[in-house]
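To keep things clear, I will list the structure first and then write my remarks on it.
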Amino acid sequence: MTTEISNASQTINTDVLVLGGGAAGCGAAIAAKERGARVLIVEKGKLESSGALGGGNDHFAAQLNTDPETDSEQAVVKFFKGIQNGVTSTHVAKGLASVMPHMVQMLEEVGVDFVRNPDGTYLRTSGFGQPGAWFLNIRNGQYVKRFVAKKIRGMGIDVLDHVMVTRLLTDGNRVAGAVGFNVLDGSFYVLKAKTVVMALGNANPRVTTNSTRNPFNTWLYPWGTGSHVVMSYEAGAKILNLDLNQQATLLPKGYGAPGMNGINSMGGHELNALGERFMGKYHPMWENGPRRNQVLGTYQEIVEGKAPPILLDMRHLSKEDLDLLENVLMPGDKATYTDYMTQRGISFATHPLEAELSEIAFGGKIKMDEDFESNLRGLFSGCNFFACSGAMCGGYAAGIEAAKEAGAMRDIPVTDSEAVEKERERIFQPLSVSGEGLNPRSFEDAIRQVMDYYMGYIRNEQGMLIALEKLALIESYADDIRAKDYRELMRANEAKHLLTHCKLTTRAVIERKESGRAIYRRSDYPNLNPEMNECVVLWQENGTSKIGFEVLE
Ligand SMILES: Cc1cc2nc3c(=O)[nH]c(=O)nc-3n(C[C@H](O)[C@H](O)[C@H](O)COP(=O)(O)OP(=O)(O)OC[C@H]3O[C@@H](n4cnc5c(N)ncnc54)[C@H](O)[C@@H]3O)c2cc1C
């Protein structure tokens with residue numbers, strides 16, 4: 001089947017262009033609009049359901065200033081600042097801790113129902129090694145994104161659904177906009193703006209697979225394919241923490257679902273095949289320690305032959321906690337959780353849940369100043385912190401700054417029409433590949449095969465150098481990718497971003513010659529090197545790729 005190539009082309013001007021309509025993009029757009037800017041969100045999916053928040057989230061982290069030691073801005077800053085997260089104290093204070101209470105208020109106003117105790121106070125739980133009970137539990141988690149989207153449309157923020165952006169436009173050392181195409185009808189878009197907030201997501205789970213080998217059956221949102229990092233890097237922004245910002249978790253066996261925050265914070269036990277509860281060996285907070293410890297601890301049990309299976313045992317929980325966990329939180333995170341349990345013929349009250357280690361998602365951050373602006377002027381980073389509140393608050397803080405700068409500018413920067421035409425040709429090229437060509441999925445599968453093998457939970461330099469050679473070989477087939485329709489055209493363009501993301505990430509991990517800060521171990525550098533207290537940074541200068549280290553001030 002062939003689809004006629006549409007020549008339709010549209011140019012849209014705006015003040016603040018928000019790329020990505022996930023939690024971070026929504027936060028950014030709301031903040032910029034509140035400050036009087038003309039705002040356009042561009043989203044590959046549909047605002048109401050796109051992004052990791054689209055299917056539902058069951059917890060929202062927020063400090064609420066009830067205790068100076070554990071529930072305050074200072075406590076949040078202390079916990080999140082540092083190279084592990086690639087953010088400074090100022091970033092955390094300005095972009096997360098101080099915004100959290102405001103976001104809670106906004107979410108309640110749009111209809112989010114936080115679970116409350118009988119006395120009317122919030123039910124708050126602690127998780128992932130955090131010192132305070134920062135997690136608010138959400139009763140109607142599946143609807144959060146719809147509520148926020150309704151607010152956004154009601155505020156008069158412009159939204160372009162179903163448009164995939166592929167490249168940023170620049171005017172010297174200033175961002176000038178972006179180009180993209182409609183994934184349903186092939187229309188081409190030139191988007192011009194005074195400032196741009198990048199909010200395309202900091203998790204790309206399609207780079208490795210779990211036991212199902214299905215790249216769409218993932219814990220995190222499978223439509224993040226590295227555009228956030230790749231587009232920024234290609235436009236000249238510095239990228240950091242590709243080596244450290246990688247994520248993994250435990251999944252119900254064969255089912256790419258979230259839920260570990262609920263299970264751990266409610267007091268679930270993780271057991272190995274010998275029936276031993278073992279997480280105390282890996283962190284004093286047992287299952288409720290940092291996610292990295294749970295993942296690497298589980299991996300160690302497998303290495304030692306004590307697993308699989310891995311079992312999550314909730315049978316000892318109270319009836320009330322079981323009910324909240326199984327019937328409110330889990331389906332709030334992923335609507336089909338109950339179907340999975342039914343098909344397995346189990347319930348938390350009577351059966352342990354078999355789990356597995358998930359795929360590993362790659363990430364990375366745009367290096368930013370204290371106003372969340374990158375070295376490419378006018379380009380702001382919206383995806384600065386993990387999880388839902390991190391995304392929403394970080395996006396909100398970036399939106400404030402992007403609106404401020406746009407407000408001080410008279411004109412939209414000039415866009416380079418030659419660069420636009422070149423990108424248009426590049427985007428649509430897969431539609432004109434003759435003969436059989438290469439299916440985008442086969443191209444992507446080859447990348448995943450290499451990443452699964454050399455960039456899994458254990459890595460070393462020799463393996464990663466081979467991985468780079470294999471990725472270069474795969475890249476040599478990029479022009480053979482054939483798209484039969486616009487849907488496949490999206491996949492083809494995603495696959496190219498995915499490849500670049502993997503190349504950059506592999507190069508960054510080679511530089512992190514230590515173990516202990518990331519979700520993987522280096523077999524050639526098994527110990528933590530306390531002196532490596534700096535971020536690996538990648539960027540381009542005059543078309544040449546550079547790599548270096550930077551200390552976070
Ligand atoms: C099922 C699930 C449950 C979760 N539960 C919780 C929870 O309970 N609590 C919690 O704190 N966190 C939770 N998380 C994590 C949290 O939802 C995410 O960290 C957060 O929503 C990320 O938001 P984001 O905007 O940074 O990225 P994303 O959600 O990835 O948003 C990026 C957006 O950009 C779009 N996009 C990407 N590339 C392009 C492109 N090239 N062109 C156009 N658009 C593009 C995507 O479609 C997407 O909508 C959960 C995640 C999942 C998947």
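Just so you know, these numbers use all the heavy atoms, side chains as well, and skip hydrogens, waters and symmetry mates. As the structure lists them, so they are numbered: ligands from 1, and atoms in each ligand from 1.
For A24, heavy-atom contacts with ligand 1 shorter than 4.0 Å involve the backbone as well as the side chain. Counting heavy atoms closer than 4.0 Å to ligand 1, residue S227 contributes side-chain atoms (C-beta onward) but none from N, CA, C or O. Residue contacts with ligand 1 for A199 involve N, CA, C or O but no side-chain atom from C-beta outward (heavy atoms, distance under 4.0 Å). With a 4.0 Å cut-off on non-hydrogen atoms, V163 touches ligand 1 through its backbone and not its side chain.
The aromatic rings of F372 and H91 sit tilted, their planes meeting at an angle between 30° and 60°. Ring geometry for Y255 versus Y337: interplanar angle over 60°, hence perpendicular rather than tilted (30 to 60°).
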Decide side-chain contact (heavy atoms from CB on, under 4.5 Å) for F128 and N288; before the verdict, give the C-alpha distance in whole Å, the side-chain angles of both, and the deciding distance to 0.1 Å.
-> CA-CA 5 Å; F128 303 135; N288 226 14; 5.9 Å; no
Would you check, one step at a time, whether the test ring pair (Phe, Tyr, Trp, His ring centres under 6.0 Å) holds for Y396 with H102?
-> CA-CA 10 Å; Y396 190 86; H102 177 58; 5.2 Å; yes
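Geometrically, K503 does not engage Y233 in a cation-pi contact, judged by NZ or CZ lying under 6.0 Å from the ring centre and within 45° of the ring axis.
Residue C388 has at least one N or O atom closer than 3.5 Å to an N or O atom of ligand 1. Looking at ligand 1, you won't find any N or O of L220 less than 3.5 Å from one of its N or O atoms. Looking at ligand 1, you'll find an N or O of A52 within less than 3.5 Å of one of its N or O atoms. Here's the thing with E43: one of its N/O atoms is less than 3.5 angstrom from an N/O atom of ligand 1. Considering backbone and side-chain atoms alike, N202 places every N or O at 3.5 Å or more from each N or O of ligand 1. The N/O atoms of K334, backbone and side chain alike, include none that comes under 3.5 Å of an N/O atom in ligand 1. Between F60 and ligand 1, no pair of N/O atoms sits closer than 3.5 Å.
Numbered from 1 in the order shown, with element, the atoms of ligand 1 that lie under 4.0 Å from a heavy atom of D333 read 1 (C), 3 (C), 4 (C), 5 (N), 6 (C), 8 (O). Heavy-atom proximity to G20, at under 4.0 Å, picks out these atoms of ligand 1: 34 (O). Remark: ligand 1 atoms within the under-4.0 Å shell around heavy atoms of S50 are 49 (O). Residue-ligand proximity, A23 to ligand 1, at heavy-atom distances under 4.0 Å covers atoms 21 (O), 23 (O), 25 (O). Per-residue contacts place D58 under 4.0 angstrom from the following atoms of ligand 1 (heavy atoms of the residue considered): 7 (C), 8 (O). Every atom of ligand 1 with a heavy atom of W219 under 4.0 Å away is listed here by number and element: 53 (C).
Ligand 1 lies nowhere less than 4.0 angstrom from a heavy atom belonging to N261. By the 4.0 Å heavy-atom criterion, G55 is excluded from the residues contacting ligand 1. For G56, the heavy-atom gap to ligand 1 drops under 4.0 angstrom. Residue A61 places no heavy atom under 4.0 Å from ligand 1. Using a 4.0 Å heavy-atom cutoff, F135 is absent from the residues neighbouring ligand 1.
Contact check on R426 versus E421 returns no salt bridge, with no Lys/Arg side-chain nitrogen under 4.0 Å from an Asp/Glu carboxylate oxygen. Under a 4.0 Å N-O distance rule, the pair R491/E488 does not qualify as a salt bridge. Between R146 and E48 there is no salt bridge, since none of the side-chain N atoms of the basic residue sits less than 4.0 Å from a carboxylate O of the acidic one. Using a cutoff of 4.0 Å between basic side-chain nitrogens and carboxylate oxygens, R124 and D71 are scored as salt-bridged. K365 has no carboxylate O lying under 4.0 Å from a charged side-chain N of D243, or vice versa, which leaves the two without a salt bridge. Note on E108 versus R116: salt bridge recorded, some NZ/NE/NH1/NH2 to OD/OE distance being below 4.0 Å. A salt bridge links E444 and R206; the closest N-O separation between the charged side-chain nitrogens and carboxylate oxygens is under 4.0 Å.
Looking only at distances, no side-chain donor or acceptor of D58 sits under 3.5 Å from a matching main-chain atom of G332.
For atom 31 (O) of ligand 1, the closest non-hydrogen atom on the protein side is G22 CA, 3.4 Å. Among all non-hydrogen protein atoms, the one lying nearest atom 22 (C) of ligand 1 is A391 CB, 3.8 Å. Here the protein heavy atom with the shortest distance to atom 27 (O) of ligand 1 is G201 CA, 3.3 Å. Scanning the protein heavy atoms around atom 26 (O) of ligand 1, the nearest turns out to be C383 SG, 3.5 Å. Looking only at protein heavy atoms, the nearest one to atom 42 (N) of ligand 1 is V165 N, 2.9 Å. Given atom 7 (C) of ligand 1, the protein heavy atom at minimum distance is H59 O, 3.5 Å. Of all protein heavy atoms, the one closest to atom 44 (N) of ligand 1 is K44 N, 3.1 Å. Atom 2 (C) of ligand 1 has its closest protein heavy atom at P258 CG, 3.6 Å.
Checked by atom type, the side-chain pair H162/N182 shows no donor-acceptor distance below 3.5 Å. For the residue pair D339/T336, the side-chain donor-acceptor check at 3.5 Å is not satisfied.
No more than 12 heavy atoms of other residues, nucleotides or ligands shown are found within 6.0 angstrom of CD on E425.
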Identify every side-chain donor-acceptor pair in residues 11-25 under 3.5 Å, counting partners at least two apart or on other chains, and give the distances.
| residue | atom | partner | partner atom | Å |
| --- | --- | --- | --- | --- |
| T14 | OG1 | R38 | O | 3.0 |
| D15 | OD2 | R38 | N | 2.9 |

Donor-acceptor list for residues 321-330 side chains, cut-off 3.5 Å, not counting sequence neighbours:
| residue | atom | partner | partner atom | Å |
| --- | --- | --- | --- | --- |
| D323 | OD1 | N327 | ND2 | 2.6 |
| E326 | OE2 | F348 | N | 3.0 |

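Which of I41, N57, N137, L200 comes nearest to atom 16 (C) of ligand 1 through a heavy atom is settled by distance: it is N57.
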